[in-house]
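Data block below; observations after.
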Amino acid sequence: MAEAERHAAKDQRNPGGRFEGKVAVVTGAGAGIGKACALAIAREGGRVVVADIDGSAAVACTAQIAAEAGHALALAMDIANAQAVAALFETAERHFGGVDLLVNNASAMHLTPRDRTILDLDLAVWDQIMATNLRGTLLCCREAIPRMIARGGGAIVNMSSCQGLSGDTAQTSYAASKAAMNMLSASLATQYGHAQIRCNAVAPGLIMTERLLAKLDECMQRQLSRHQLLQRVGRPEDVAALVAFLLSDDAAFITGQVLCIDGGMLAHVPTYADGGNSRAARPAGDTAKAAAAPRC
């Protein structure tokens, strides 16, 4: 079949976009990366359940989707609560007829300022972060899988982090939860691939959400961006584009993977930001500027 005919056949099967006829649940979808994912799915024809612990943020996201002629339902809920998670998926099934796609994006980000080194860590913080980031993700997967099987398969993307792939001087609980999420994703992909359910994890680096922008001062932003290979910060839309790809049939043969989207932050030798092994390759004056820059 000619290339044009293949594209025409694809458009006929899915005239409204890659997610026409699909139902997606996106947690933590009231803002930031989760909101960008919900919008991306809706813009390609998917019907989206926008779940967030902040009900007003979920409603605002749903209103934006509706304004763009999309279909969405807002639900205020806490994924750490098993009964709330069950109600979320029951509502999705009742309102839209089932679940085909799941984006596990909700995370206990409000606890990160208290997530310290191992000796300084409050165990209550560890327990709360694990309850949301890891157990909450597991709960959502357990509710989604039977519904996906009933519809012939589905796709799941779990929002991990580059901090789940490298050590840090703080955020012990967050990093551990994201590392465990990577293995949870691989286990799910292995156990339910025969049922045509794919599962991948996405590991963002420095993605400048509104929340992160408010938390990072200019000095810290400069420190972090020095270690990226691409000379800009990431945007929520960058992550949403990757998530949409992984959920779509374009990624039909990709499962059990952890995909970094970090501008190359984890792709290089540790000395890169100070000139690495090829100082001549850096723009003139970069090394001197780096040495003179204030440390945060």
Side-chain angles (χ1 to χ4, degrees), residues 24 26-41 51-52 57 61 79 101-113 115 129 132-134 136-137 140 155-186 199-216 220-248 251 254-268 272-273:
V26 183
T27 67
I33 292 173
K35 181 179 180 179
C37 290
L39 289 168
I41 295 167
D52 201 284
C61 178
I79 67 165
L101 312 170
L102 170 61
V103 181
N104 282 307
N105 175 72
S107 186
M109 296 301 294
H110 65 289
L111 293 175
T112 54
D115 189 10
I129 288 176
T132 298
N133 295 10
L134 188 57
T137 295
C140 289
I156 297 172
V157 172
N158 293 327
M159 198 61 64
S160 182
S161 170
C162 283
Q163 286 185 285
L165 298 169
S166 57
D168 202 347
T169 55
Q171 299 196 30
T172 305
S173 311
Y174 181 83
S177 73
K178 296 301 184 178
M181 183 184 290
N182 295 340
M183 187 49 64
L184 175 65
S185 302
C199 182
N200 294 288
V202 168
L206 181 61
I207 307 298
M208 199 55 68
T209 63
E210 292 180 3
R211 179 177 297 188
L212 187 60
L213 185 61
K215 186 170 69 172
L216 292 182
M220 183 58 71
Q221 289 182 47
R222 184 167 58 248
Q223 280 285 84
L224 291 172
S225 63
R226 285 178 59 232
H227 292 274
Q228 291 185 170
L229 305 183
L230 301 180
Q231 294 302 301
R232 69 169 176 86
V233 296
R235 300 181 297 261
E237 291 76 16
D238 293 322
V239 183
L242 175 57
V243 170
F245 165 71
L246 291 172
L247 292 175
S248 76
I254 301 175
T255 193
Q257 304 303 306
V258 180
L259 290 91
C260 285
I261 178 164
D262 64 352
M265 185 175 285
L266 297 188
H268 53 72
Y272 165 82

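Since we're looking at a predicted model, the values are computed, not measured. All residue numbers refer to positions in the sequence shown, counting from 1. Computed from heavy atoms alone, side chains included, the values below leave out hydrogens, waters and symmetry copies.
The two residues D52 and A29 come nearest to each other via the heavy atoms OD2-N, 3.3 Å. Closest heavy-atom contact between A108 and N133: N-OD1, 2.9 Å. Summarising the geometry of S160 relative to A201, their closest heavy-atom pair is CB-CB, 4.2 Å, with the distance given to 0.1 Å. Contact record, Y272 with Q231: OH-NE2, 4.1 Å, taken as the closest heavy-atom pair. The heavy-atom pair separating T255 from C199 by the smallest distance is OG1-N, 3.0 Å. The minimum heavy-atom distance linking G164 with N182 is given by the pair O-ND2, 3.9 Å.
In this structure, CG on L165 lies 5.0 Å from SG on C260, to the nearest 0.5 angstrom. Taken to the nearest 0.5 Å, the OG atom of S107 stands 11.0 Å off from the CG atom of L134. One distance of note links OG of S166 with CD of Q163; it measures 7.0 Å at 0.5 Å rounding. Taking CD1 from I79 and OG1 from T137, the interatomic distance works out to 5.0 Å, rounded to the nearest 0.5 Å. Interatomic distance, SG of C162 versus CG of L266, reported as 4.0 Å (0.5 Å rounding). In this structure, M159 CE and M181 CE are separated by 9.0 Å, a value rounded to the nearest 0.5 Å.
D115 places a side-chain N or O within donor-acceptor distance of the main-chain N or O of Y174, the cut-off being under 3.5 Å. Without hydrogens or angle criteria, N200 side chain to L246 main chain gives no donor-acceptor distance under 3.5 Å. No donor-acceptor pair under 3.5 Å is formed between the side chain of D262 and the backbone N or O of P204. T27 contributes a side-chain N or O that, together with a main-chain N or O of A106, makes up a donor-acceptor pair within less than 3.5 Å.
Each of M265, H227, R232 was scored for a side-chain contact (heavy atoms from CB on, under 4.5 Å) with L206, with one residue passing: M265.
Side-chain atoms of N158 and S185 include a donor-acceptor pair closer than 3.5 Å.
The local environment of CD in E237 is crowded, with over 12 non-hydrogen atoms from other residues, nucleotides or ligands closer than 6.0 Å.
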Assess the residue pair L111 and T132 against the criterion (side chain to side chain contact (heavy atoms under 4.5 Å, CB included)); give the C-alpha distance rounded to whole Å, side-chain angles, the decisive distance to 0.1 Å, and a yes or no. CA-CA 11 Å; L111 293 175; T132 298; over 6 Å; no
